[in-house]
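Okay, structure first, notes after.
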Amino acid sequence: MNLAAVQVTLIYAGVLGLMAVALANLVLYVRLRPTTEAHWRADATVRVQANFVENVPLALVLLLLLELAGTAHTVLHGLGVALVFCRFAHAWGMSRVAGANYPRLIGAQGTFLLLSIMSVALLWQGVSAL
Amino acid sequence: MEPGLVMQQAAQVASDTPTINWLMVLGLGCLWLGGQIVWVAPWPRQVRRLFGQTDVPTAKAGTPAAFGLFWIDQYGWIGLSLCGLGAGLVIAGVLS
């Protein structure tokens with residue numbers, strides 16, 4: 001495969017891969033400081049990483065397929081930036097405040113919305129090509 | 001691979017790719033998520049009162065229970081808003 005043909009996905013896969021490593025280490029950071037970190041943060045950091053692992057690989061696969069299908073780079077960058085923003089908002093919100101908060105809500109629901117939009121776009125392309 | 005060949009392949013992919021109606025795609029995506037939120041969350045209490053329901057839960061202002069009710073109401077409104085936005089975008093996509 002010529003990787004230059006999927007250059008947009010490469011960028012966001014790289015950024016989100018680095019973020020995955022950082023979130024995994026954040027879990028360890030909190031676990032190693034049980035006396036100085038707030039008690040709720042241990043579960044919260046694990047949930048941030050779990051939610052990231054549940055959603056981001058699928059989102060990147062959808063982004064890759066959209067790019068392979070010839071979607072405009074402007075659209076792909078818009079989706080990629082929005083995905084990074086949503087994951088950052090979710091991690092930031094859950095790491096700072098216990099319980100419900102707006103960054104967490106925006107991050108989680110924003111990711112679901114992006115997954116829905118990318119999936120519908122792929123369905124559209126697939127059905128149109130029949 | 002030579003850059004010229006890459007461009008030729010990219011042009012071939014672009015010419016083979018069906019045109020996407022992004023208004024429709026955005027609208028259907030919003031409807032998909034909004035519909036599920038409406039399915040998951042109870043209707044906002046304001047809407048339930050509007051339709052005459054009297055046994056709407058309440059809580060003393062400033063308590064965690066009140067915050068919980070506010071948050072669930074808000075979630076319901078997000079679902080309804082996404083459904084409305086999605087329907088509007090689909091209609092705009094059909095008309096475009």
Taking the side chain from [X] and the backbone from [Y], do they hold a donor-acceptor pair closer than 3.5 Å?
X        : Y       : value
A:Glu67  : A:Thr9  : yes
B:Ser96  : B:Gly93 : yes
A:Asn101 : A:Gly99 : yes
A:Arg41  : A:Ser95 : yes

Quiz item: Considering heavy atoms only, which positions within residues 56-72 of chain B lie below 4.5 Å of chain A?
Solution: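 Within residues 56-72 of chain B, the residues under 4.5 Å from chain A are B:Phe67, B:Phe70, B:Trp71.
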Practice problem: Could you list which of residues 27-50 of chain B have a heavy atom closer than 4.5 Å to any heavy atom of chain A, in residue-number order? | Solution: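 Only B:Leu28, B:Gly29, B:Cys30, B:Trp32, B:Leu33, B:Ile37 of residues 27-50 of chain B have a heavy atom under 4.5 Å from chain A.
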Quiz item: Looking at A:Val30, A:Val27, A:Asn51, which hits side chain to side chain contact (heavy atoms under 4.5 Å, CB included) with A:Val46?
Solution: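 So the option named by the test is A:Val27.
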Practice problem: Inspect the surroundings of CZ in A:Arg33 and state if more than 12 heavy atoms from other residues, nucleotides or ligands are less than 6.0 Å away. | Solution: yes
Practice problem: Verify the neighbour count for atom CZ of A:Phe85: are there more than 12 heavy atoms of other residues, nucleotides or ligands below 6.0 Å? | Solution: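 Open: at most 12 neighbouring heavy atoms sit under 6.0 Å from CZ of A:Phe85.
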Quiz prompt | Worked check of ring-ring contact (aromatic ring centres under 6.0 Å, His included) between A:His90 and A:Phe52 | solution = CA-CA 9 Å; A:His90 184 260; A:Phe52 187 97; 9.3 Å; no
Practice problem: Measure distances from A:Leu105 to the heavy atoms of chain B and classify the residue's part below 4.5 Å as side chain, backbone, both or neither. | Solution: side chain
Practice problem: Any chance you could measure B:Leu26, atom CG, to A:Leu113, atom CG, to the nearest 0.5 Å? | Solution: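 Going from the CG atom of B:Leu26 to the CG atom of A:Leu113 covers 8.5 Å.
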Self-check item: Separation of B:Trp77 CH2 from B:Leu82 CG (nearest 0.5 Å)
Solution: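 Answer for the CG-CH2 pair, B:Leu82 versus B:Trp77, is 13.5 Å.
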